[in-house]
> 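I'd like to ask some things about the structure below.
Below, each value reflects all heavy atoms present in this structure, side chains not excepted, and no hydrogens, waters or symmetry copies.
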Amino acid sequence: MRVVTMDPNKCVACNNCEYACSLKQNNDFDRRDSQIRVNFYPENKACLPLTCFHCSDAWCMEVCPSGAIIRDGETGAVVIVSVRCVGCKMCMLACPFGQIYFNSREKVSSKCDLCDGDPNCVKHCISGALQFEREEEAFQYKRELFDARLKLLLIHQKDKEKD
């Protein structure tokens, strides 16, 4: 399965991903309709685009009383079939990452569906902060990044001990 991954070090807070998602999903440029949100942390001078992780053990799917949340057999995405959604918001409560939103106009929950395997947010990310990659590759990169940071921390600690 492929997932949208984010590199907060590359995000420039342009919000193109939000606009691109809104256009693809709702045919408008209203960022409130986007299924990806850029969170700003001014105290840290950081921004982080976040969207659904399409969990392998999707709690939202488990709690949905109407069976509106399914896994797409082709893309592996966890998607909401809006005509089945009763608007109870149980999925919103169950998502540990807060990545399900309520469409107040249509009275249904909504979330990223990976644009049928071709995420519009990734295509319009000008800085390369968003990528669409295989889970294994994404997790391998995270392990390597963590390993590199850990090595720097250990080197820094050894230098402190010498002083």
> Only distances under 3.5 Å count here; give the side-chain donor-acceptor pairs of residues 107-118 to other protein atoms, sequence neighbours excluded, each with its distance to 0.1 Å.
residue: K107; atom: NZ; partner: S104; partner atom: O; Å: 2.8
residue: S110; atom: OG; partner: Q35; partner atom: NE2; Å: 3.3
residue: K111; atom: NZ; partner: V78; partner atom: O; Å: 2.4
residue: D113; atom: OD1; partner: Q25; partner atom: NE2; Å: 3.1
residue: D113; atom: OD1; partner: C115; partner atom: N; Å: 2.9
residue: D118; atom: OD2; partner: K123; partner atom: NZ; Å: 3.3

> Tell me the side chain to side chain donor-acceptor pair (under 3.5 Å) pairs involving residues 49-66, sequence neighbours left out?
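Checked against side chain to side chain donor-acceptor pair (under 3.5 Å) - neighbours excluded - no pair reaches residues 49-66.
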
> Should V4 and M6 be marked as a side chain to side chain contact (heavy atoms under 4.5 Å, CB included) after you check the CA-CA gap, both sets of side-chain angles, and the distance that decides it?
CA-CA 7 Å; V4 175; M6 301 89 181; 4.1 Å; yes

> Between R71 and M61, is a side chain to side chain contact (heavy atoms under 4.5 Å, CB included) present by the stated rule, with each step listed?
CA-CA 8 Å; R71 187 169 302 276; M61 195 164 44; 4.2 Å; yes

> Determine yes or no for a side-chain-to-main-chain donor-acceptor pair under 3.5 angstrom, with S22 supplying the side chain and R31 the backbone.
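No: the side chain of S22 does not pair with the backbone of R31.
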
> Does N26 reach the main-chain N or O of D28 with its side chain, forming a donor-acceptor pair under 3.5 Å?
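No: the side chain of N26 does not pair with the backbone of D28.
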
> For F29, which fellow cluster members are found when Ile, Leu, Val, Met, Phe, Trp and Tyr are connected by side-chain heavy-atom distances below 4.5 angstrom, either directly or through intermediates?
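Traced through the cluster, F29 reaches Y19, L23.
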
> Under 4.5 Å side-chain heavy-atom separation, chaining through any Ile, Leu, Val, Met, Phe, Trp or Tyr, what else clusters with V38? Say none if it is isolated.
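Traced through the cluster, V38 reaches F40.
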
> Could you please spell out the steps behind the side chain to side chain contact (heavy atoms under 4.5 Å, CB included) verdict for R134 and M1?
CA-CA 6 Å; R134 296 195 175 286; M1 181 176 151; over 6 Å; no

> Go through the steps to decide whether C60 and I69 satisfy the test side chain to side chain contact (heavy atoms under 4.5 Å, CB included), and finish with yes or no.
CA-CA 7 Å; C60 59; I69 303 177; 3.9 Å; yes

> Provide the full list of ring-ring contact (aromatic ring centres under 6.0 Å, His included) pairs with a residue in residues 91-119, sequence neighbours left out, each pair given once.
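Every pair satisfying ring-ring contact (aromatic ring centres under 6.0 Å, His included) with a residue in residues 91-119: F53-F97.
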
> Apply side chain to side chain donor-acceptor pair (under 3.5 Å) to Q131 and list each qualifying residue two or more places apart in sequence or on a separate chain.
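Per chain and number, Q131 pairs via side chain to side chain donor-acceptor pair (under 3.5 Å) with no residue.
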
> Just to verify, what does N16 make a side chain to side chain contact (heavy atoms under 4.5 Å, CB included) with, not counting sequence neighbours?
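With neighbours one apart ignored, the set is C14, I126.
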
> Can you list the other members of the hydrophobic cluster that holds L152, where links are side-chain heavy atoms under 4.5 angstrom apart?
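Other cluster members: none.
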
> Are any side-chain N or O atoms of N15 and backbone N or O atoms of E18, one a donor and one an acceptor, separated by less than 3.5 Å?
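No; zero donor-acceptor contacts below 3.5 Å.
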
> Sequence neighbours left out, what passes salt bridge (Lys or Arg N to Asp or Glu O under 4.0 Å) with K151? Give chain and number order.
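For K151 the salt bridge (Lys or Arg N to Asp or Glu O under 4.0 Å) partners, ignoring immediate neighbours, are D147.
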
> How is the hydrophobic cluster of V79 composed, in terms of its other members, when Ile, Leu, Val, Met, Phe, Trp and Tyr link through side-chain heavy atoms under 4.5 Å apart, directly or indirectly?
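Besides V79, the hydrophobic cluster comprises I70, V81, V83, listed by chain and residue number.
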
> Applying side chain to side chain donor-acceptor pair (under 3.5 Å), can you list everything that pairs with R84, at least two apart in sequence or on another chain?
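R84 satisfies side chain to side chain donor-acceptor pair (under 3.5 Å) with no other residue.
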
> Using the salt bridge (Lys or Arg N to Asp or Glu O under 4.0 Å) criterion, which residues pair with D30? Sequence neighbours excluded.
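With sequence neighbours excluded, D30 shows a salt bridge (Lys or Arg N to Asp or Glu O under 4.0 Å) to R32, given in chain and number order.
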
